[in-house]
Amino acid sequence: MAKISAPAVAHPSARSLAEHSVPADATAPGEAGTNMLVRLQSLRLTLGKQEVLKGLDAAVPLKPVTTVLGANGAGKSLLLRCLHGLIQPGAGRIVWPRVLRQAMVFQRPVLLRRSVRSNLAWALAAAGQADRHAPARIDTMLERMALLEMADRPARVLSGGEQQRLVLARAWLLKPELLLLDEPCASVDPRSLARIEACLREMAQEGIRLFMSTHLLGQARRLSDQVIFLHDGRLAELTPAAEFFQQPRSPEARYFLEHALP
């Protein structure tokens, strides 16, 4: 798989905090605009002696918000890491419609030992975007994320929800075409949850395609356009979100919803 030239990834390396474009193993011609697809072709991944992704085959439309659901250990996070080029699958391939600028946000924010503002300034510099407009862009983004008042605080002293908003701000500032999010609200308070969801809606409205995993089914209902449901490393469903929650097709998905929803 071709390597990546840099994202707004919540990861400590310089390479991964800059802008990041992912050409996958091949490019499918003729797919543009709202009809773009990412194709999973016999995708397999083994960790140690355990096969954790078991031959995923699907043509996944890049909708505004795609949510990956499944029980713990189903392979959600590993699929996202394969999509972002952080893990090389053992077999099969991922075929993108074209080169996409990607970013990824993880469940546990990884931030530089600098101020809130400096985290964003460093990301712009690493992406080659530190021009004369950068300070104004940073302040606008901090205000948008309700972080402007704490701009000069060390990022490491923020609450969990504030740190996650900062990581999202860093990704949003670099304007990726595709943003992968692995459990972005797993450890945030309800107030931060509402703010983060509002920001995700705005990103989607601006044309950033979101591809996220979550264990919060209420969040999946509120945000999703389509659902990928994984069961034991296999693709059990790929369906519009409304259909998934109203009438899941697979027995595994029906069992999951019956036992996961209050």
Side-chain angles (χ1 to χ4, degrees), residues 1 24-25 28 31 34-97 102 104-107 178-186 197 200 204 209-262:
M1 180 180 291
D25 298 330
E31 293 176 349
T34 58
N35 295 321
M36 287 200 303
L37 303 172
V38 56
R39 300 180 186 277
L40 311 179
Q41 298 182 341
S42 301
L43 195 68
R44 294 182 178 274
L45 178 65
T46 299
L47 297 180
K49 296 183 178 180
Q50 182 180 3
E51 189 176 38
V52 288
L53 295 179
K54 303 175 181 178
L56 303 187
D57 279 293
V60 183
L62 292 178
K63 299 286 188 180
V65 182
T66 298
T67 301
V68 186
L69 295 176
N72 290 341
K76 304 185 296 296
S77 296
L78 294 170
L79 173 58
L80 292 180
R81 283 163 170 74
C82 286
L83 289 170
H84 198 47
L86 298 177
I87 295 178
Q88 176 71 41
R93 60 178 185 167
I94 300 168
V95 182
W96 296 95
Q102 286 195 19
M104 186 165 181
V105 169
F106 298 92
Q107 178 177 344
L178 177 66
L179 179 59
L180 298 148
L181 304 112
D182 186 14
E183 300 278 3
C185 299
E197 287 188 3
L200 295 178
R209 293 173 174 87
L210 307 180
F211 208 112
M212 73 175 189
S213 68
T214 182
H215 70 285
L216 302 174
L217 292 187
Q219 181 177 77
R221 282 178 176 269
R222 290 187 292 271
L223 297 179
S224 305
D225 294 290
Q226 70 181 350
V227 169
I228 294 173
F229 179 71
L230 298 181
H231 176 74
D232 190 29
R234 295 182 172 88
L235 180 66
E237 294 206 28
L238 168 60
T239 186
E243 293 182 20
F244 178 82
F245 287 109
Q246 292 171 9
Q247 194 171 3
R249 301 170 187 170
S250 66
E252 295 86 359
R254 289 195 294 273
Y255 182 89
F256 174 78
L257 291 176
E258 288 170 4
H259 290 78
L261 288 175

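Just so you know, these numbers come straight off a predicted model, no measurement behind them.
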Scanning both residues in full, the closest heavy-atom pair of Val65 with Leu223 reads CB-O, 3.3 Å
Q) Quick one: are Leu178 and Val38 in side-chain contact, heavy atoms under 4.5 Å? A) no
* Asked: For the side chain of Lys76 and the backbone of Gly70, is there at least one donor-acceptor N/O pair under 3.5 Å apart?
  -> yes
d(Lys63 NZ, Ser224 OG) to nearest 0.5 Å is 13.0 Å
So the salt bridge (Lys or Arg N to Asp or Glu O under 4.0 Å) pairs with at least one residue in residues 224-233 (sequence neighbours excluded) are Lys54-Asp232, Asp232-Arg234
Review point. Quick one: does Cys185's side chain get under 4.5 Å of Gln219's, heavy atoms only?
Key: yes
What one should report as the nearest heavy-atom pair of Gln226 and Thr66 is NE2-OG1, 2.8 Å
Taking the side chain as everything from C-beta on, heavy atoms only, tell me whether Arg81 gets closer than 4.5 Å to Phe106. yes
dist Ser77:OG -> Leu86:CG (nearest 0.5 Å) comes out at 11.5 Å
To the nearest 0.5 Å, atom CZ of Arg222 lies from atom CG of Leu200 at 11.0 Å
Rounding to 0.5 Å, atoms CG (Leu179) and NE2 (His84) come to a distance of 9.0 Å
CG of Asp57 to CD of Gln41, rounded to nearest 0.5 Å, is 7.5 Å
Any non-hydrogen side-chain atom of Val60 less than 4.5 Å from a side-chain atom of Leu37?
no
For Leu53 and Cys82, the nearest pair of non-hydrogen atoms, with its separation, is CD1-SG, 4.1 Å
Between Leu235 and Ala58, the two heavy atoms sitting closest are CD2-CB, 3.4 Å
Under 3.5 Å: donor-acceptor pair, side chain of Glu237, backbone of Arg249 = yes
Heavy atoms of Thr67 and Ala220 approach each other most closely as CG2-CB, 4.1 Å
Working for side chain to side chain donor-acceptor pair (under 3.5 Å), residues Thr46 and Glu51: CA-CA 4 Å; Thr46 299; Glu51 189 176 38; 4.7 Å; no
To the nearest 0.5 Å, atom CG of Leu180 lies from atom CZ of Arg209 at 12.5 Å
| Any donor and acceptor pair, going by atom type alone, linking the side chain of Asp182 with main-chain N or O of Gln107 inside 3.5 Å? | no
Checklist entry - Does the side chain of Leu257 come within less than 4.5 Å of Phe229's, by heavy atoms? => result no
Between Trp96 and Leu83, the two heavy atoms sitting closest are CZ2-O, 3.3 Å
